[in-house]
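Report on the structure given below.
Because only heavy atoms are used, hydrogens play no part in the values below, and waters and symmetry mates are left out as well, while side chains stay in. Note that the coordinates shown come from a computational prediction; the quantities given were computed from them, not determined experimentally. Proteins come first, then strands; the chains are lettered A, B, ... in the order of their sequence lines, and each starts at number 1.
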There are 2 protein chains.
Amino acid sequence: MPWDTEATRRRLLDAAVEEFAEYGPAGARVDRVARSAGVNKERIYQYFGDKDGLFRAVLERELQRLAAAVPLTLEQAGDLGDYAGRLFDHHTDHPHFLRLLHWEGLASGGEAVAEAKRAALQHDKVAAIADAQRSGLVTGAIGAGQLLYGVMALVDWWFVAPHVVRMTVGAEGMDRAAQRAAVVELARRMTAPDRDEPPTGATSR
Amino acid sequence: MPWDTEATRRRLLDAAVEEFAEYGPAGARVDRVARSAGVNKERIYQYFGDKDGLFRAVLERELQRLAAAVPLTLEQAGDLGDYAGRLFDHHTDHPHFLRLLHWEGLASGGEAVAEAKRAALQHDKVAAIADAQRSGLVTGAIGAGQLLYGVMALVDWWFVAPHVVRMTVGAEGMDRAAQRAAVVELARRMTAPDRDEPPTGATSR
DNA sequence: CGATTTTCCAACTGCATGGTTGGAGTTTGC
DNA sequence: GCAAACTCCAACCATGCAGTTGGAAAATCG
């Protein structure tokens, strides 16, 4: 049988996403990843160095997918409720990502995976929101970075602390559509300009 | 030397809080807890059954502390910005708790620690907010449970995803006082009634 | 004070787990 | 078509780790 190194690599990553999302970096088992991928364990060490390298590779791939799927352009930054909704949808369709992200946040203390690239990406989003603030579409009473923080917090927490959500809103509050509507509305209210708030300057558009 | 069983128990819990908050249930090491507490490992199994029992005991104690320190009474529910600020202060002073809570959320799939008691507590808070909605202090456009969700999400995320926060608001945005101010303001805006929104009914006060 | 129970510890056990090795099959370059 | 390089695997290794055991010191009870 011929070889397909790219496929082995991909199958390992696919299996690893599941494993790390479910159990986290400490709880994940390398043997289980290999077994579930139908590939020998040793391949993991050739391709990714060690367990931590595999985790970083997994996270990096998911980060790229998110960035591609849910952009925040200058035009879109005026409606952060919509952005919250799109983020929510992506996380609903790809439930692994947020779990990986928060395993990372809790477990690894030092530099984040692909920190520079991610920081630059966030910076662009903050700039887009600042622009929307200048054109009066978003409140200027709070910093653009803080607003982005708020939106992410509102979207993410459903997935990160589902047990607290369950204890707060009850089983009937676990409905995805209802959660989505709530998040969009909360984000809108949080970011809306005051009724008589004037635009503060020229936009970059 | 005389014995003090209550003290050994407490020293184990104190050491375990640190350990579990830092490494999570999977990453935590029983030996390390015992060593750091200056107590023999076997004591842990006598007092708490197993590693998971120790984790639950730790979490339960911290939950009680939080409930005692940051209440949400009928009178206080009208100002959710203030509640957000008080929550934020408690978490700043007790940084272990939120990490434990989110390790729990990510790691354990089934029933939560002390689920019934916690659910009842949350239910009371939701009821208090619903009351504030009826008296027109808080917007009625969103369910009370969802509002409580929003406040918790806004407060907690600083502590849960510090690496994302760092990449979003930069090193200068990591100032606690600034974060507190942002959270309070975001919560106020999110929960404020619309300008002409009328009270919807009688309060229970 | 003697018998019994309780607290505590040093040392041990068994196994799960991250990582390695030696070699066999497959492709590539000349 | 043959040698060098690469992909892959079964089996192996060392150690880290949750949980246990046997017995010594301290308390309790009569």
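- Judged by distance alone, with hydrogens and angles left aside, Lys41(A) brings a side-chain donor or acceptor within reach of the base of dG19(C), the pair sitting under 3.5 Å.
- One atom, NZ of Lys51(A), and another, C1' of dG18(C), lie 8 Å apart when rounded to the nearest Å.
- In this structure, CD1 of Ile44(B) is placed 13 Å from C1' of dC8(C), rounded to the nearest angstrom.
- The CG atom of Asp131(A) sits 9.5 Å away from atom CD of Gln133(A), with the distance rounded to the nearest 0.5 Å.
- Contact between the side-chain N/O atoms of Thr5(B) and the OP1/OP2 oxygens of dT6(C) is not found at any separation under 4.0 Å.
- Within residues 13-26 of chain B, no residue has any heavy atom under 4.0 Å from DNA chain C.
- Contact annotation: Tyr47(A) side-chain N/O to dT7(D) OP1/OP2 distance is not under 4.0 Å.
- We find that Arg56(B) and Asp52(B) are joined by a salt bridge, their nearest charged nitrogen and carboxylate oxygen being less than 4.0 Å apart.
- Qualifying ring-ring contact (aromatic ring centres under 6.0 Å, His included) partners for His90(B), counting only residues two or more places apart in sequence or in other chains: His94(B).
- dT17(C) atom P lies 16 Å from atom CG of Leu54(A), rounded to whole Å.
- OP1 or OP2 of dC8(D) lies within a sub-4.0 Å distance of a side-chain N or O belonging to Thr8(A).
- Atom CD in Glu6(B) sits about 13 Å away from atom C1' in dT7(C), given to the nearest Å.
- Judged by distance alone, with hydrogens and angles left aside, Asp31(A) brings no side-chain donor or acceptor close enough to the base of dA16(C) to form a pair under 3.5 Å.
- Taking the six-membered ring where the residue is Trp, Trp158(A) and Phe88(A) present perpendicular rings, their angle passing 60° and hence far from 30°.
- Ala7(B) comes within 4.0 angstrom of nothing in the nucleic acid, heavy atoms only.
- Looking at the side chain of Tyr45(A), the nearest of the listed nucleotides dA26(D), dG18(C), dA10(D) is dG18(C).
- For the pair Glu42(A) and Arg32(A), nearest-nucleotide mapping onto DNA chain C gives the more 5' position to Arg32(A).
- Ring centroid separation for the pair Tyr149(B) and Trp157(A) comes in under the 6.0 Å cut-off.
- Regarding Arg35(A), its CZ atom lies at a distance of 18 Å from the C1' atom of dG18(C), rounded to whole Å.
- When rounded to the nearest whole Å, the span between CZ of Phe48(B) and C1' of dG19(D) equals 16 Å.
- As judged by a 4.0 angstrom heavy-atom cut-off over every strand, Ala34(A) is placed among residues making no nucleic acid contact.
- Within the 4.0 angstrom heavy-atom criterion, only backbone atoms of the sugar-phosphate kind lie near Arg29(A); the bases stay farther away.
- Protein atom CZ of Arg43(A) is 13 Å distant from nucleotide atom C1' of dT21(C), rounded to whole Å.
- Looking at Asp50(B), its side chain has no donor and acceptor atom pair within 3.5 Å of the base of dA18(D).
- Atoms CG (Leu12(B)) and C1' (dC8(C)) sit 11 Å apart, rounded to a whole Å.
- Remark: Arg43(A) is positioned above the aromatic ring of Tyr47(A), its terminal NZ or CZ atom under 6.0 angstrom from the ring centre and at most 45 degrees off the axis.
- For residues 91-113 of chain B, every residue pair satisfying the salt bridge (charged side-chain N to carboxylate O under 4.0 Å, His left out) rule, not counting sequence neighbours, is listed here: Glu104(B)-Arg118(B).
- Salt-bridge annotation for Glu185(A) and Arg189(A): present, with a side-chain N of the basic residue lying under 4.0 Å from a carboxylate O of the acidic one.
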